[in-house]
Amino acid sequence: MKSKSIKEKVMHIVFLAAAMVCIMAVVLICVFLLANGVPAMGKIGVFNFLLGKTWRPGQDIYGILPMILGSIYVTAGAIIIGVPIGIMTAVFMARYCPKKIYAPLKGAIDLLAGIPSVVYGFFGLVIIVPFVRDTFGGSGNSILTACVLLGFMILPTIIGVCESSLRAVPEEYYQNALALGATHERSIFKVVLPTAKSGVLTGVVLGIGRAIGETMAVIMIAGNQARMPKGLLKGVRTLTANIVMEMGYAADLHREALIATGVVLFVFILLINLCLAAIKKGVEQ
Amino acid sequence: MTNEFIKIKGSIRQRGFNLKKAAALSLICLMFFLSACKGGVSEFEETREITVISREDGSGTRGAFTELFGVYTNMEGHGKVDATTEEAIITNNTAVMLYCVSTNPYAIGYISLGSMSDVVKSANVDGVAASLENVKNGTYKASRPFYIVTTQSLSAPAKDFISFILSDGGQEVVESAGYVPALAGREYTPSVDSGKVVVGGSSSVTPVMEKLKEAYGAYNPGIDVEVQQSDSTTGVSSTLQGICDIGMSSRALTENEKHSGALAETIALDGIVIIVNSINPNDDFTSEQIKGIFLGETAYWDSLEK
Amino acid sequence: MKNPINQSTFKRRMREYQKRPASFVMFILVMLCACVTVLSFVFLVGYLLYKGIPNISWDLFALNYNSENVSLLPSLINTVTITFLALSVSGPTGIFAAIYLVEYAKKGNKLVKLMDLTSETLSGIPSIVYGLFGMLFFVVALDWGFSVLAGACTLAIMVLPLIMRTTQEALRSVPAEFREGAFGLGADKVRVIFKIVLPPAVPGILSGVILAVGRIVGETASLIYTAGTVAEIPESLFSSGRTLAVHMYALFNEGLYIEKAYATGVVLLVIVCAMNLLSNYVAKKLTR
Amino acid sequence: MIKFELKDLEVFYGDFQALKGIDMKIPANEITAFIGPSGCGKTTFLKCLNRMNDLVEGCRVYGQVTLDGEDIYNDYDVNLLRKRVGMVFQKPLPFKMSIYDNIAFGPRTHGIRSKSALDEIVEQSLTQATLWDEVKDRLNMDALSFSGGQQQRICIARALAVRPEVLLMDEPTSALDPISTGKIEEVVMELKKKYSIVIVTHNMQQAVRISDKTAFFLLGEVIEFGDTEKLFSVPKDKRTEEYITGRFG
């Protein structure tokens with residue numbers, strides 16, 4: 001009896017320790033980023049840094065408002081494109097898909113998640129950029145292109161999470177709705193999907209995370225102009241692109257400013273998560 | 001209305017696809033997509049806007065380019081300031097540069113001579129073609145040096161490797177890789193026969209460094225050389241921190257870096273090629289024209305001063 | 001034999017939809033979105049195969065990398081090593097943390113809220129930021145240098161929240177009756193967790209692991225700053241090595257070996273495919 | 001008056017024959033109970049009446065089923081059928097929304113949008129399910145926060161809200177305590193006036209208490225079908241007698 005309780009205790013501690021590792025990781029990341037980024041913000045001036053419209057490292061002008069807006073626009077666009085398609089496809093997989101094509105489809109989507117972003121980037125560069133240029137005009141390296149590509153890139157994440165949460169909804173919900181005379185679609189969209197809401201939201205959050213964080217693909221197709229976004233068909237630079245783009249050559253204050261850009265990105269994601277946590281709370285009540 | 005629905009829906013049933021028809025449908029869609037993509041522009045319209053493509057601010061290639069073609073303005077308190085048009089597409093990647101230019105008929109950009117590929121057309125500058133020959137004899141004016149960066153405390157194997165790079169044998173490798181040798185007339189004799197050298201830095205210098213490393217293996221097989229591709233700054237700072245023995249840089253050292261004890265040596269010269277799309281009839285620019293384009297003063301192909 | 005009377009014919013279904021246009025629209029939308037997903041997949045993979053397959057040759061699998069023959073074998077070995085290392089750190093940690101949150105922590109616990117927030121934050125951090133952090137912490141502060149180990153650790157932190165959250169979801173979807181039933185039989189908590197709760201959650205956990213493997217295999221930005229880019233088989237965990245994705249990026253970067261990069265992409269695709277099949281197989285074995 | 005008429009009904013799940021050549025007439029405005037051991041085809045039979053069997057993969061139905069003389073399988077709008085023939089399941093399962101939205105889900109499905117009409121339907125249905133007094137102040141509360149018995153009555157109210165003609169009940173009280181069961185039985189007796197009710201039950205006392213007609217199912221066949229009183233007092237078939245006296249298998 002005694003050995004049992006010791007085992008219980010040990011495992012409890014192991015589980016707790018594992019949970020603590022996650023918190024430790026965040027704390028460490030915070031400490032290292034802040035220690036390296038905040039001094040630069042101080043030197044540049046927080047307002048000049050966050051609200052400055054000009055980014056000219058050569059002249060020591062560091063304003064990242066264009067990049068902040070760029071990230072917001074591109075992510076929003078990707079969400080607008082990716083989330084509906086992702087959720088609908090998840091619904092298809094969970095509720096429409098015949099058994100015969102389910103396995104290959106599932107495999108295909110898992111495969112999409114594993115394709116490196118460099119490949120997506122090149123695909124975008126060779127296919128989507130010329131397509132946008134020929135169809136809508138402009139140079140093709142634009143917000144629109146980035147939105148489309150990112151929309152596709154977040155699909156596997158959203159589909160995967162949404163599908164599993166849809167499958168977790170008991171079949172009886174669907175049958176109950178159907179027995180009331182609702183169509184297949186109404187049962188799914190009015191009963192099953194709302195029941196899986198929390199899982200769907202998780203999928204969307206992960207999708208947003210991926211869209212904001214995407215670097216290598218965006219950098220190839222977005223144009224990367226460090227000026228205020230001018231329109232859907234004009235280029236844009238995101239926060240991530242800004243970091244990767246110039247980190248290589250940056251030195252001194254420039255480098256610190258780039259790490260500070262990372263800090264901004266970090267705070268940004270923190271804010272989004274807080275908002276979504278609040279929404280989720282509202283949803284569950 | 002109903003009939004139309006039935007026609008469209010003919011291929012799909014709720015509980016199961018009619019696989020053959022679905023496949024046929026998707027094939028048609030695919031062909032449509034393909035034709036939409038492949039059927040791009042084949043004729044060059046002079047009235048279209050010029051798509052300017054440049055490297056990122058702070059890139060060695062960009063620095064050299066703006067310096068060589070005078071793409072800068074003088075600003076009080078700052079001296080010369082890079083004035084590349086804000087509308088220029090920025091990339092940190094040679095392949096992206098190549099692809100953008102090769103797929104966009106109205107694009108203009110620049111790359112390192114060693115990376116030149118036949119998917120794009122190289123343009124003459126002031127009537128001189130960009131070639132190894134012309135860089136060497138000085139008629140092609142757009143060229144820049146490649147550096148290796150070291151500190152005072154250099155290990156013996158690293159010293160040996162550097163002496164190989166700067167020897168005739170090493171410089172021959174540089175030339176065969178498509179770059180211009182920096183100097184000539186030194187002999188190489190191995191000084192140590194075992195050890196390890198870590199080289200890291202600029203991705204522009206990496207290809208030539210890899211060739212050097214391979215050639216070096218034939219002369220002195222006992223020494224293991226490791227080449228890390230990252231970028232100039234990482235290369236320099238890694239060298240200063242002792243992570244690398246030798247740094248590679250495609251830009252000159254900053255004052256801070258010099259202050260921290262970094263030493264630079266030129267190992268090769270690289271030409272910068274102006275590239276345009278292969279259907280672009282404009283392939284001979286004057287320096288002034290290029291300056292105008294990259295400053296954003298010349299926005300359309302037909303407003304190019306002939 | 002007669003035809004069964006409950007087979008819904010197509011015509012009948014259409015007539016039913018006619019009275020309910022909203023449902024019909026939703027139906028069309030679902031089909032359309034599924035088609036878009038499938039088409040984009042076919043297009044992307046088809047493009048990669050079309051560009052890559054003609055460039056695949058045995059030379060690509062040579063043991064040594066040099067500039068004449070950009071062999072991908074060393075980076076392949078690195079990819080496997082790094083994936084394995086990262087998963088062996090983040091897998092147990094993530095799963096245990098999820099178990100703690102679902103099975104041990106009381107509802108509304110401060111810690112749970114904090115963990116939710118941290119895992120959401122972690123999953124949102126862009127990989128480049130992980131790269132910066134990994135460089136500042138593992139490479140410089142711990143003085144590991146550019147190394148496979150530093151890369152693997154960075155990636156482990158990166159995929160930790162992914163594994164944790166999918167595991168959490170999977171555990172939550174195990175009906176409470178299972179646990180109550182087992183407790184009723186007098187089983188202790190650890191036993192219940194490992195024998196009763198985990199097995200039905202395995203497919204969910206594995207899908208998380210697959211996603212994690214996907215992210216590790218596809219990661220470029222953070223590895224450049226932590227694992228370095230040496231294209232050779234590392235001698236120890238403390239030497240540098242590039243994964244396939246980094247290899248591809250490096251090949252693309254200078255524009256010299258674009259064909260080889262596509263071929264590498266195909267190999268990468270095959271690997272991801274094989275990993276998925278393998279994990280599905282394992283999942284089947286485990287759930288049976 | 002006859003509500004449902006079934007002729008030669010056969011149901012297969014793959015190779016397994018679940019129902020074997022059943023002919024039956026189900027009367028209107030009466031309670032018909034189905035009894036029999038588990039797996040004998042009661043629920044399958046029930047699901048044939050509102051075509052829920054269509055959802056089961058590999059399920060094939062043969063024969064003819066008519067509702068008020070109309071063939072419900074031949075070119076009949078299945079959603080309309082399910083509106084006319086409501087169903088209450090074994091496990092109470094309100095949707096994850098407020099009581100009001102739960103009840104209003106059905107009417108909204110069938111195109112009723114006006115707030116006042118919905119209010120009236122909700123009140124009526126809840127009253128019919130004898131739940132109105134208990135929940136009228138808590139209509140906006142999550143339906144899942146109520147007790148099992150209340151949840152089952154919510155489900156009944158939800159089924160009633162679409163104004164069905166027939167109510168199918170698949171062991172509606174098997175998951176409930178005796179008090180809740182009593183309540184549900186009261187509700188069912190009350191509903192009998194307006195609806196035809198078919199109820200599957202394992203509880204023979206319940207069948208005796210509430211039903212007018214009873215059918216005894218065994219291995220996919222109807223052994224005996226007739227007035228409840230007669231069936232339980234003087235069963236014609238030996239197997240029926242064995243089952244109701246508890247001597248069966």
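Sequence lines set the chain letters: A, B, ... in the order given, protein chains first and strands last, and positions in each chain run from 1.
Between chain C and the options A:His12, A:Met88, A:Arg186, the largest number of non-hydrogen pairs under 4.5 Å is found for A:His12. Note: A:Ala18 leads A:Gly213, A:Ala18, A:Gly209 in heavy-atom pairs under 4.5 Å with chain C. Note on C:Leu277, C:Leu269, C:Val217: by heavy-atom pairs under 4.5 Å with chain A, the leading option is C:Leu269. Of the listed residues C:Leu32, C:Leu162, C:Ile157, C:Leu160, the one with more heavy-atom pairs under 4.5 angstrom with chain A than any other is C:Leu160. Heavy-atom pairs under 4.5 Å with chain A were tallied for C:Thr166, C:Thr220, C:Leu244, C:Val25; the largest tally goes to C:Thr220. Contacts with chain A were tallied for C:Ser127, C:Ala221, C:Ala34; C:Ala34 has the most, counting heavy-atom pairs under 4.5 Å. Of the listed residues (A:Ile109, A:Val161, A:Asn36), the greatest number of heavy-atom pairs within a distance under 4.5 Å of chain C belongs to A:Asn36. Ranking A:Ile115, A:Val205, A:Val119, A:Leu28 against chain C, the residue ahead of the rest is A:Leu28, based on heavy-atom pairs under 4.5 Å. For the options A:Thr157, A:Leu265, A:Leu155, heavy-atom pairs under 4.5 Å to chain C are most numerous at A:Leu265. Between chain A and the options C:Val213, C:Ile128, C:Leu29, heavy-atom pairs under 4.5 Å are most frequent for C:Ile128.
For a residue to count as touching a neighbouring chain, one of its non-hydrogen atoms must lie under 4.5 Å from one of that chain's; by this rule C:Arg165 touches chain A with the side chain only. Only the side chain of C:Tyr104 comes within less than 4.5 Å of a heavy atom of chain A; its backbone N, CA, C and O stay farther away. Residue C:Ile224 touches chain A through its side chain alone, counting heavy-atom pairs closer than 4.5 Å. Within the 4.5 angstrom heavy-atom criterion, atoms from both the backbone and the side chain of A:Ile23 approach chain C. Looking at C:Ser173, only its side chain comes within 4.5 Å of chain A, counting heavy atoms on both sides. The parts of A:Leu111 that come within reach of chain C are both its backbone and its side chain, each placing non-hydrogen atoms under 4.5 angstrom from that chain. Only the side chain of A:Thr215 comes within contact range of chain C, with at least one heavy atom under 4.5 Å from a heavy atom of that chain. The part of C:Ile193 that comes within reach of chain A is its side chain, from C-beta onward, which places non-hydrogen atoms under 4.5 angstrom from that chain. If you measure heavy-atom distances from A:Phe32 to chain C, the contacts under 4.5 Å come from both the backbone and the side chain. Residue A:Leu239: no heavy atom, backbone or side chain, is found under 4.5 Å from chain C. Contacts of A:Ile29 with chain C are made by both backbone and side-chain atoms, with heavy-atom separations under 4.5 Å. Heavy-atom distances place both the backbone and the side chain of A:Leu16 under 4.5 Å from chain C. Residue contact with chain A, scored on non-hydrogen atoms closer than 4.5 Å, involves the side chain of C:Met135 exclusively.
When each of C:Leu39, C:Leu44, C:Val45 is tested with C:Phe41 by the rule side chain to side chain contact (heavy atoms under 4.5 Å, CB included), just one qualifies, namely C:Val45.
The closest donor-acceptor contact from the side chain of A:Glu256 to the backbone of A:Ile259 lies at 3.5 Å or more, if one exists at all. Remark: side-chain polar atoms of C:Thr154 are not paired, donor with acceptor, to backbone N or O of C:Gly134 under 3.5 angstrom. Distance alone, capped at 3.5 Å, is enough to place a donor-acceptor pair between the A:Thr240 side chain and the A:Glu214 backbone. The closest donor-acceptor contact from the side chain of A:Ser117 to the backbone of A:Tyr120 lies at 3.5 Å or more, if one exists at all. For A:Ser198 (side chain) and A:Ala196 (main-chain N/O), no donor-acceptor pair under 3.5 Å exists by modelled atom type.
Comment: C:Arg242 does not engage C:Glu219 in a salt bridge, judged by the lack of any side-chain N to carboxylate O separation of less than 4.0 angstrom. Taking the charged nitrogens against the carboxylate oxygens, A:Glu185 and C:Arg20 have no contact shorter than 4.0 Å, which rules out a salt bridge.
A side-chain donor-acceptor contact under 3.5 Å links A:Thr183 and C:Ser23. In the model, A:Tyr96 has no side-chain atom that pairs as donor or acceptor with a side-chain atom of A:Tyr102 under 3.5 Å. Side chains of A:Thr89 and C:Thr37: a donor-acceptor N/O pair is present below 3.5 angstrom, by distance only.
Atom-to-atom distance recorded for A:Ile85:CD1 and C:Ser40:OG is 8.0 Å, nearest 0.5 angstrom.
Using bins of under 30°, 30° to 60° and over 60° for the plane-to-plane angle, the ring pair C:Phe24/C:Phe27 lands in the tilted bin.
Closest of all the heavy-atom pairs between C:Ser90 and C:Ile163 is OG-CD1, 3.7 Å.
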